[in-house]
Amino acid sequence: MRVWGELGRLFADNQGGDPFLALGRCARAYARFALDHPVQYRVLMMRPSAVPGVPPAAADAFRHMVNAVSACVATRVLEGDPEELALGLWSAVHGCVSLLIAQPAFPWPRDREALLDHVVRQAGFGAAVYSRLPRALPPSAELAACLDDFGTRLAARGPGISPRRSGRAAPAWRCRRSGRSRRSSAPAPAW
């Protein structure tokens, strides 16, 4: 399937600059590639392989994702094993495009790019936060307030990122970097 060689070019074209932003661009390129080539994607990624082992094109797609994730691990925006992190991110994007391909009659949002952006951001930010979570989390209300506080602080530091919710009072449970105390007995997350 020669069309799969194009995926490597798309990943290469989207590398460079900030690693986390590049990872997002690569994930979006992967999703667009799958949706632009639904027949080939269905044959290679949505059916059991006809031969033993991982098909070379699937292995290459995963390797491209691992390379993009490895750059994020090198800068510590993601923490953990690059292959494990890449598998989670790849699974999220694959799940989205597989559903779009396999269920075209589902009432999907009209703006497919916005849906892809939402899934990629949710998976990427989820991986960044998840890699820093303590084993024991505070109760949901405290966790939500801490995440709101985190979103507010993040939005104050950089353009293009805004908190999803506001108006909640932040609890005493905080991230270590905030230098504040916490009520929870759980270890404070590193973010």
Side-chain angles (χ1 to χ4, degrees), residues 1-104 106 108-109 111-133 135 137 147 154 160-161 164 189-191:
M1 295 193 159
R2 285 179 270 172
V3 71
W4 284 91
E6 183 183 333
L7 184 60
R9 183 189 58 75
L10 290 171
F11 266 84
D13 289 350
N14 284 287
Q15 292 291 332
D18 181 89
F20 195 62
L21 297 177
L23 176 62
R25 289 191 305 269
C26 288
R28 287 176 191 83
Y30 178 90
R32 285 187 208 102
F33 172 84
L35 296 173
D36 288 346
H37 305 284
V39 173
Q40 295 89 338
Y41 192 84
R42 186 186 297 264
V43 168
L44 188 66
M45 297 297 209
M46 297 172 62
R47 295 184 178 159
S49 179
V51 296
V54 178
D60 286 346
F62 181 62
R63 181 180 47 79
H64 294 309
M65 190 66 75
V66 170
N67 291 341
V69 167
S70 293
C72 292
V73 170
T75 61
R76 296 197 60 242
V77 69
L78 296 177
E79 293 183 351
D81 176 60
E83 287 190 2
E84 186 177 308
L85 292 164
L87 188 56
L89 294 167
W90 189 32
S91 296
V93 176
H94 167 75
C96 179
V97 297
S98 293
L99 285 168
L100 286 165
I101 291 168
Q103 300 298 322
F106 186 82
W108 298 106
D111 189 346
R112 185 173 73 180
E113 287 297 315
L115 175 65
L116 294 176
D117 185 62
H118 175 80
V119 169
V120 167
R121 288 174 59 93
Q122 186 174 12
F125 282 103
V129 170
Y130 180 79
S131 68
R132 291 166 168 83
L133 290 178
R135 286 202 171 272
L137 295 174
L147 291 171
L154 190 59
I161 301 172
R164 303 281 294 177
W191 42 268

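This one's a predicted model, so the numbers in the text were calculated from it and none came from an experiment. Just so you know, residue 1 is the first one in the sequence shown, and it goes up from there. Just so you know, these numbers use all the heavy atoms, side chains as well, and skip hydrogens, waters and symmetry mates.
Take Val77 and apply the side-chain contact (heavy atoms from CB on, under 4.5 Å) test, not counting sequence neighbours, and it matches Phe20, Cys72, Thr75. Taking Arg32 as the reference, Glu113 meet the side-chain hydrogen bond (donor to acceptor under 3.5 Å, both in side chains) condition, with sequence neighbours excluded. Every residue two or more places apart in sequence or in another chain that forms a side-chain contact (heavy atoms from CB on, under 4.5 Å) with Val119 is listed here: Cys96, Leu115. Partners of Ser49 according to the side-chain hydrogen bond (donor to acceptor under 3.5 Å, both in side chains) rule, which considers only residues two or more places apart in sequence or in another chain, do not exist here. Scored by the side-chain hydrogen bond (donor to acceptor under 3.5 Å, both in side chains) test, Asp13 finds Arg9 as partners (sequence neighbours excluded). Partners of Ala123 by side-chain contact (heavy atoms from CB on, under 4.5 Å), not counting sequence neighbours, listed by chain and number: Leu89, Ala92. Listed by chain and number, the residues in a side-chain hydrogen bond (donor to acceptor under 3.5 Å, both in side chains) with His94 are Tyr41, Ser98 (sequence neighbours excluded). Under the rule for a side-chain contact (heavy atoms from CB on, under 4.5 Å), the partners of Leu21 that lie at least two apart in sequence or sit in another chain are Asp18, Arg25.
With values rounded to the nearest 0.5 angstrom, Leu35 atom CG is found 4.5 Å from Arg112 atom CZ. Once rounded to the nearest 0.5 Å, the distance linking CD1 of Ile101 with CE of Met45 reads 10.5 Å. Rounding to the nearest 0.5 angstrom, the gap separating the CZ atom in Arg28 from the CG atom in Leu23 is 9.0 Å.
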- Between Cys26 and Gln15, is a side-chain contact (heavy atoms from CB on, under 4.5 Å) present by the stated rule, with each step listed? CA-CA 7 Å; Cys26 288; Gln15 292 291 332; 3.2 Å; yes
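Counting only residues at least two apart or on different chains, the salt bridge (charged side-chain N to carboxylate O under 4.0 Å, His left out) pairs with a member in residues 61-70 are Asp60-Arg63. Applying the ring-ring contact (aromatic ring centres under 6.0 Å, His included) rule to pairs touching residues 69-89 yields nothing, sequence neighbours excluded. For the salt bridge (charged side-chain N to carboxylate O under 4.0 Å, His left out) condition, no pair includes a residue of residues 90-104, sequence neighbours left out.
Here the closest heavy-atom approach between residue Gly124 and residue Leu78 is recorded as O-CD2, 4.2 Å. Shortest non-hydrogen contact noted between Ala34 and Val97 is CB-CG2, 3.8 Å.
With hydrogens and angles ignored, the 3.5 Å screen pairs no side-chain donor or acceptor of Arg42 with any backbone N or O of Pro38. In this structure, the side chain of Trp90 does not engage the main chain of Val66 through any donor-acceptor pair within 3.5 Å.
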Validation: residues 80-88 side-chain donor-acceptor distances under 3.5 Å, sequence neighbours left out:
{"from": "Asp81", "atom 1": "OD2", "to": "Glu83", "atom 2": "N", "distance (Å)": "3.4"}
{"from": "Asp81", "atom 1": "OD2", "to": "Glu84", "atom 2": "N", "distance (Å)": "2.9"}

